[in-house]
Amino acid sequence: MNIDFETFKNEISWFFDQSDEVEFLDSVKEIHLSDNFENTFPVLTALLKQARVLNLKINNQLFKLFSWTNKDGSSCGWLNKIEKEDISELQLIEEHKLLLKEIGGIQESYHQPEESLCNNQNFMFIESECSLGIGGFEEYYEEMCNEEGKEPIDFKHFICFVEEANGNATVYNPKSKDVFLFAQDHCFENVESVENQPEYTFYKINDVNNFVDYVETLASEWRNEIR
């Protein structure tokens, strides 16, 4: 029995159906990452090198379960979905592609930090889940801009790479690599409204300017919680 998997399964029970077929492949004591990955994501690299890694398949889909022990002595971690490269037609930036190639995208997390970018997210980084735009709130945004006489941001080429359960979308501009949070519903304290934009539309996350900043901030949150 793998204790990390059993803890994950108990904590994220809604993820599984009784008919699901789970196949354990192997456990990895030390993950091997490319020099490019380590140089791009140094904080994430340090976190991953502390992880226990379980390779498995769920209904023939490949996943990696990255697990750590938190300060309370409990198993915690991420279930990352491993997909084929270029599974969509989106023009992902190179840093995003690098992340997916080496560790996949986060499908679920368990026993996460109390304050974390990963809380209440439907997915993080997974290419097949990413989309163009701002998560279906295009009309709402344009109406808000019209009501307040604000000039809309050209968001149509933005890529949504994280989606919250309430629909809030974290997006990046593939040209500038700038990251924005589009939040039509939030109570976050770590964000600031984008200048000349209506409230409850575009925000900047504190200390997060680009995709690498976002990933490294997430990794820092987890590093602070583990032994």
For a quick test of reading the model, state the closest non-hydrogen atom pair linking [X] to [Y] and the distance between them.
| X | Y | answer |
| --- | --- | --- |
| Gly133 | Glu138 | CA-OE2, 4.0 Å |
| Ser27 | Asn2 | OG-ND2, 4.2 Å |
| Glu225 | Glu221 | CG-O, 3.4 Å |

Check whether any side-chain heavy atom of [X] lies under 4.5 Å from a side-chain heavy atom of [Y], and answer yes or no.
| X | Y | value |
| --- | --- | --- |
| Thr40 | Phe211 | no |
| Glu164 | Thr170 | no |
| Glu151 | Cys145 | no |
| His96 | Cys130 | yes |
| Leu90 | Leu132 | yes |
| Thr201 | Val194 | no |
| Phe125 | Tyr214 | yes |
| Leu98 | Asn36 | yes |

Under 3.5 Å donor-acceptor, [X] side chain and [Y] backbone:
| X | Y | answer |
| --- | --- | --- |
| Thr45 | Phe41 | yes |
| Gln61 | Ile82 | yes |
| Ser34 | Phe37 | yes |
| Asn59 | Glu21 | yes |
| Gln197 | Ser193 | no |
| Asn168 | Gln184 | yes |
| Asn80 | Ile103 | yes |
| Asn173 | Lys177 | no |
| Asp17 | Ser19 | no |
| Glu83 | Ser128 | yes |

Count I, L, V, M, F, W, Y as connected when their side-chain heavy atoms are under 4.5 Å apart, and connections chain through other members. Are [X] and [Y] then in the same cluster?
| X | Y | result |
| --- | --- | --- |
| Leu181 | Tyr140 | yes |
| Leu79 | Leu62 | no |
| Leu56 | Ile126 | no |
| Leu25 | Val53 | no |
| Tyr110 | Val22 | yes |

Decide if atom [atom1] of [X] counts as having more than 12 heavy atoms of other residues, nucleotides or ligands within a radius under 6.0 Å.
| X | atom1 | value |
| --- | --- | --- |
| Gln91 | CD | no |
| Glu148 | CD | yes |
| Asp207 | CG | no |

Yes or no on side chain to side chain contact (heavy atoms under 4.5 Å, CB included) for Trp78 and Phe63, after CA distance, side-chain angles and deciding distance? CA-CA 10 Å; Trp78 308 333; Phe63 290 91; over 6 Å; no
Step-by-step side chain to side chain contact (heavy atoms under 4.5 Å, CB included) determination, Asp4 to Leu54: CA-CA 9 Å; Asp4 293 319; Leu54 174 65; over 6 Å; no
Please assess Tyr200 against Phe182 for the test side chain to side chain contact (heavy atoms under 4.5 Å, CB included), listing each intermediate value before the final yes or no. CA-CA 8 Å; Tyr200 296 108; Phe182 187 88; over 6 Å; no
Return the [atom1] to [atom2] distance between [X] and [Y], rounded to the nearest 0.5 Å.
| X | Y | atom1 | atom2 | answer |
| --- | --- | --- | --- | --- |
| Glu195 | Lys204 | CD | NZ | 13.0 Å |
| Leu44 | Leu218 | CG | CG | 8.0 Å |
| Ile93 | Lys175 | CD1 | NZ | 14.0 Å |
| Lys9 | Asp20 | NZ | CG | 8.5 Å |
| Ile106 | Glu129 | CD1 | CD | 13.5 Å |
| Glu163 | Ile134 | CD | CD1 | 12.5 Å |

Determine, for Lys97 against Glu85, whether the closest basic-nitrogen to carboxylate-oxygen distance falls under 4.0 angstrom. no
Ion pair check, Glu38 and Lys49, cut-off under 4.0 Å: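 Answer for the salt bridge query: yes.
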Check each of Val208, Val215, Asn210 against Val212 using the side chain to side chain contact (heavy atoms under 4.5 Å, CB included) test, and report the only one that passes.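 Checked Val208, Val215, Asn210 against Val212; only one passes side chain to side chain contact (heavy atoms under 4.5 Å, CB included): Asn210.
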Among Phe158, Tyr203, Tyr172, ring-ring contact (aromatic ring centres under 6.0 Å, His included) partner for Phe180: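 Per the ring-ring contact (aromatic ring centres under 6.0 Å, His included) rule, the option paired with Phe180 is Phe158, out of Phe158, Tyr203, Tyr172.
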Between Thr69 and the options Arg227, Gln50, Arg52, the side-chain hydrogen bond (donor to acceptor under 3.5 Å, both in side chains) test singles out Arg52
Kindly state whether the ring of Phe5 and the ring of Phe24 have centres lying under 6.0 angstrom apart.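 Ring-ring flag for Phe5/Phe24: true, centres closer than 6.0 Å.
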Would the Phe137 and Tyr141 ring centres measure less than 6.0 Å apart? no
Is there a side chain to side chain contact (heavy atoms under 4.5 Å, CB included) between Glu142 and Phe155? Walk through the geometry before answering. CA-CA 11 Å; Glu142 290 173 357; Phe155 60 82; 4.2 Å; yes
Decide yes or no on side chain to side chain donor-acceptor pair (under 3.5 Å) for Ser74 and Asp72, but give the supporting numbers first. CA-CA 6 Å; Ser74 300; Asp72 293 331; 5.7 Å; no
Relative to the ring of Trp68, is the ring of Trp222 parallel (under 30°), tilted (30 to 60°) or perpendicular (over 60°)? tilted
